[in-house]
Novice: 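Pasting in a structure now, in structure tokens, and then I'll have a few things to ask.
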Amino acid sequence: MASIYLGIPVLLLVVVAVIASTGPVAAWIGCVVPVAMLVVGLVLRRRQRYQPRWWTGVAGLYGGLAGLMITLFPLAVGVWWPAILALPGLIVGIVVGLLLARFADRVLLVPFIPELAGTPYELVFRLRGIPLAAVLVGADSVTIQSHPVPRSEHQFRTYPLTGITGTYEFSLSGSERLKFPIAVTHAVPSQGPAVILQANGEDWVLPTNQSTTLIEVLAERRGL
């Protein structure tokens, strides 16, 4: 996580400083951007340290800004040709940022360390066959959402851990028609493991490749 919130701005600051050192004194004003990113990163890191769902967005934004500035800032010292790489630089920066976020997410959950269940981390479990949908297991609640940033109450449901009455491991054949208590689009049934979760009188069939881990985390945090 530190490589996203702090590493990208620091790397960009070094690159901008090296470029600025070859030009006029006024070029050093370009350091304002990475310094601002670093300050914002410090604040966000403190707030989102235990919320991996935000890491991807910040990584994509920071990576894109870094790629764009590295290709455009040489204009300040009279070097023009890198500017033609602005669009590829933006795309590469976003991709690298997203890969960093993906790596951080996998380090956190794959393989799962049982001790994580006793930490403040909001653990994210992606749902197979349903783009962007996920299960978020917090310290005292579980949220199932169809979109990373739900736009209405019909796109997510949150239950206190005490409201969960049952969790069962299940295997989907791929021919089932899945129905959800929330609005879910583009759900494609796929063969593989799933979790049946019962909470507050509602039944969920959650296709996830980490079914065993999800049940273990829920059981541990309910116990705590």
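Excluded from the calculations below are hydrogen atoms, water molecules and symmetry mates; all remaining heavy atoms, backbone and side chain alike, are included.
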Novice: Going by the rule side chain to side chain contact (heavy atoms under 4.5 Å, CB included), which residues pair with P131 if we only count those two or more places apart in sequence or in a different chain?
Specialist: H186

Novice: Do the side chains of R128 and L172 get nearer than 4.5 Å, heavy atoms only?
Specialist: yes

Novice: Can you name the residues that form a side-chain hydrogen bond (donor to acceptor under 3.5 Å, both in side chains) with T143, not counting sequence neighbours?
Specialist: T158

Novice: Side chains of N209 and P193, heavy atoms from C-beta outward: is any pair under 4.5 Å?
Specialist: yes

Novice: Are side-chain heavy atoms of S146 and I130 found at a separation under 4.5 Å?
Specialist: no

Novice: List in chain and number order the residues that pass side-chain hydrogen bond (donor to acceptor under 3.5 Å, both in side chains) with E122, two or more places apart in sequence or in another chain; answer none if no residue qualifies.
Specialist: R53

Novice: Give, for atom CG of L44 and atom CZ of R49, the distance between the pair rounded to the nearest 0.5 Å.
Specialist: 14.5 Å

Novice: Only counting residues at least two apart or in another chain, list the ones meeting side chain to side chain contact (heavy atoms under 4.5 Å, CB included) with Y168.
Specialist: I196, Q198

Novice: Decide yes or no for V195 and F170: does some side-chain heavy atom of the first lie under 4.5 Å from some side-chain heavy atom of the second?
Specialist: no

Novice: At what distance, to the nearest 0.5 angstrom, does SG of C31 lie from CG of L12?
Specialist: 9.0 Å

Novice: Tell me the salt bridge (charged side-chain N to carboxylate O under 4.0 Å, His left out) pairs involving residues 24-43, sequence neighbours left out?
Specialist: none

Novice: For residues 79-99, tabulate all N or O donor-acceptor pairs below 3.5 Å that involve a side-chain atom, not counting sequence neighbours.
Specialist:
residue : atom : partner : partner atom : Å
W80     : NE1  : G78     : O            : 3.4

Novice: Could you measure the distance from the CG atom of L197 to the CD1 atom of I215? Nearest 0.5 Å is fine.
Specialist: 9.0 Å

Novice: Report all side-chain donor-acceptor pairs from residues 61-76 shorter than 3.5 Å, counting only partners two or more places apart or in another chain.
Specialist:
residue : atom : partner : partner atom : Å
Y62     : OH   : M37     : O            : 2.6
Y62     : OH   : G41     : N            : 3.2
T71     : OG1  : G67     : O            : 3.1
T71     : OG1  : L68     : O            : 2.9

Novice: If the condition is side-chain hydrogen bond (donor to acceptor under 3.5 Å, both in side chains), which residues does S173 pass it with, not counting sequence neighbours?
Specialist: S175, E176

Novice: Hey, are the side chains of L6 and R45 touching, using non-hydrogen atoms and a 4.5 Å cut-off?
Specialist: yes

Novice: We want to know whether W204 and Y159 form a side-chain donor-acceptor pair, criterion being a heavy-atom distance below 3.5 angstrom.
Specialist: yes

Novice: For residues 15-24, tabulate all N or O donor-acceptor pairs below 3.5 Å that involve a side-chain atom, not counting sequence neighbours.
Specialist:
residue : atom : partner : partner atom : Å
S21     : OG   : V18     : O            : 2.5
T22     : OG1  : I19     : O            : 2.6

Novice: Are side-chain heavy atoms of Q145 and L136 found at a separation under 4.5 Å?
Specialist: yes

Novice: List the residues meeting salt bridge (Lys or Arg N to Asp or Glu O under 4.0 Å) with E169, not counting sequence neighbours, and say none if there are none.
Specialist: none

Novice: Please examine the side chains of Q48 and Y5, heavy atoms only from C-beta on, and report whether any two atoms are closer than 4.5 Å.
Specialist: yes

Novice: Identify, with sequence neighbours excluded, every residue that meets side-chain hydrogen bond (donor to acceptor under 3.5 Å, both in side chains) alongside D140.
Specialist: none

Novice: Hey, is the main chain of I164 close enough, under 3.5 Å, to the side chain of R222 for a donor-acceptor pair?
Specialist: yes

Novice: Does the plane of the ring in Y121 sit parallel, tilted or perpendicular to the ring in W55? Use 30° and 60° as the thresholds.
Specialist: perpendicular

Novice: Does the R221 side chain pair with the main chain of V137, one donor and one acceptor, at a distance under 3.5 Å?
Specialist: yes

Novice: In chain order, what residues pass the salt bridge (Lys or Arg N to Asp or Glu O under 4.0 Å) check against R157, with sequence neighbours excluded?
Specialist: E202

